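Take this structure, written in structure tokens, and hold onto it; I'll ask about it next.
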Amino acid sequence: MNQWERMDKEYVWHPFTQMKGWNENQQLVIDHGEGVKLYDTEGKAYYDGISSLWVNIHGHRRQEIDTAVKNQLDKIAHTTLLGLINKPSAELAQKLVEVTPEGLNKVFYSDDGSTAVEAAVKIAFQYWQHKGRPEKQQFINLGDSYHGDTVGAVSVGNIDVFHKVYKPLLFNTQKMTCPSFYHSKLAGIDSEADFLTYLLDELEACLQEHHNKVAAMIIEPLVQAAAGMLMQPKGYIKGVRELTKKYDVLLIVDEVATGFGRTGKLFACENEAVCPDMMCMSKGITAGYLALGATMTTDEIYDAFLGEAADYKTFYHGHSYTGNPLACAAGIAGLEIFAKEKVIENLPPKMAVITEHMQKMQAMKYVGDARQCGMLAGIELIRDKERRLPFEPSLLMAGGICQTARKYGLIVRNIGDVIVFMPPLASTAQQIDEMLCMLEQAMQEVFAQIDSHNEVKFSDPCAF
Ligand SMILES: *Cc1c(COP(=O)(O)O)cnc(C)c1O
């Protein structure tokens, strides 16, 4: 154990981590990164197969972004947005308005995905008060939704393992069926088309009854990543947009995970030409360099907050590091790379490599569903495919495969029984192929152990 591992285990409490298992097992210390690889203190290289938890876009130590941050550092590291302007936050806001769906013309900055959602929830709530409809206070959300870990974001979230314990602290929401067909347990609905109809009918029934009390609906468009890469039927967000418009309910899309190219378009909404009333973004907004969140709104929403100081229509919300110049400088440089290198246009051959591997994995004995949306993929394990029987959670099967993959030089992470694959967009088709070959090796190794009836039990501190 090197000195950093010792210090870590003595002093650091890790996020989403059972610290008992963490402290009992050997852990990796990352020393540096280069491109799409991470290097540990021994100099061993690993592919960053989860984009450093879904944030990295153009690779590590991208010269253009490094330079932009260093140049900004030579001017000033931080100054407040309360009462002052800074250059990078103004410039990034202009760029964000340019690249996001039509109608999103204002940018409210915050610190991360959770605070971007927190701000959206409060803006929606306050908006209806300003519009003279203070009874519109409720929120509609999805089963298995995830919007961050602050209390407001947890209230509009719906993942039992993470959220159940906090229930007494949370406000109530109208919960819709999780739009993942693979996980649907609805009797008599056996095609994705029927499932889509069911979901939209359910939403319309809820809106019909409650729209006078509902401020907004919040969804993760196309992919519910944190729930385990759950994917929605084609046409779902388009249908949600039409219904929320029809019933005068704001639509908040949380693009914190799906934004900045992950689904094959710059924003997931673009896949179905959806223009939301608000969009939350973070993770990829600084290309994975620094913490920054943004909540974008329409003029209609922004204008409702205008008035004299004495009208008390101000949005009384803000964070100390709001619009941090270093983070915004990284964000501008990241967007410039998207344009200069045609990052989105170059994704299809990379996505095709993922598709090829998902088909291969789908044929494996213990893979229930290998699914993909653009550059996002999830491989869900299952003990018995026919009867849909899951592995004993205590086996930590997916976590064990992720742990084994490190041996082959790949960092990935699981969510329950789902192995998440989310490489930086900068990965080449060949690198993606190598990463997925490594993952397949790890899967085969673990599956062989199951087949030979060896006792397989992993103690992966990463798993939950
Ligand atoms: C990660 C995530 C969040 C929370 O973002 P943080 O920066 O971790 O606070 C919110 N929504 C979605 C969809 C996410 O994936």
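Both counts, for ligands and for their atoms, begin at 1 and track the order of listing. Treat the numbers as computed from the prediction; the structure is a model and nothing was measured.
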Does the residue D254 have a heavy-atom contact with ligand 1, meaning some pair of atoms that are separated by less than 4.0 Å?
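The answer is yes: ligand 1 sits under 4.0 Å from a heavy atom of D254.
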Under 4.0 Å between a Lys/Arg side-chain N and an Asp/Glu carboxylate O for R371 and E380?
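Yes.
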How are the rings of F315 and F108 set relative to one another: parallel (under 30°), tilted (30 to 60°) or perpendicular (over 60°)?
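Rings of F315 and F108: perpendicular, as their planes differ by over 60°.
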At less than 4.0 angstrom from any non-hydrogen atom of H147, what atoms of ligand 1 do you find?
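Answer for ligand 1: 10 (C), 11 (N).
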What about the rings of F267 and F260, do their centers lie closer together than 6.0 Å?
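They qualify: ring centres under 6.0 Å apart.
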Is the closest N or O pair between E220 and ligand 1 shorter than 3.5 Å?
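N/O-N/O distance under 3.5 Å: no.
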Does any N or O of ligand 1 fall below 3.5 Å from an N or O anywhere on W54, backbone included?
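No; every N/O pair is 3.5 Å or more apart.
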Please confirm whether the backbone N or O of G318 pairs with a side-chain atom of T322, one donor and one acceptor, at under 3.5 Å?
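Here the side-chain-to-backbone pair does not exist.
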Which ligand 1 atoms are under 4.0 Å away from a heavy-atom of S114?
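So the answer, numbered in order with elements, is 4 (C), 5 (O), 6 (P), 9 (O).
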Are the aromatic rings of H58 and F338 close, with centres under 6.0 Å apart?
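Centroid separation for H58 and F338: below 6.0 Å.
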Counting from 1, what ligand 1 atoms have a heavy atom of D112 closer than 4.0 Å?
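Matching atoms, with element in brackets: 7 (O), 9 (O).
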Return the option from M281, K283, E118, Q224 holding the heavy atom at the smallest distance from atom 14 (C) of ligand 1.
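Of the listed residues, K283 has the closest heavy atom.
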For G113, is at least one N or O under 3.5 Å away from an N or O on ligand 1?
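Among all N and O atoms of G113, at least one is under 3.5 Å from an N or O of ligand 1.
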Verify the neighbour count for atom CD1 of I85: are there more than 12 heavy atoms of other residues, nucleotides or ligands below 6.0 Å?
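No, CD1 of I85 has 12 or fewer neighbouring heavy atoms, counting only those of other groups under 6.0 Å.
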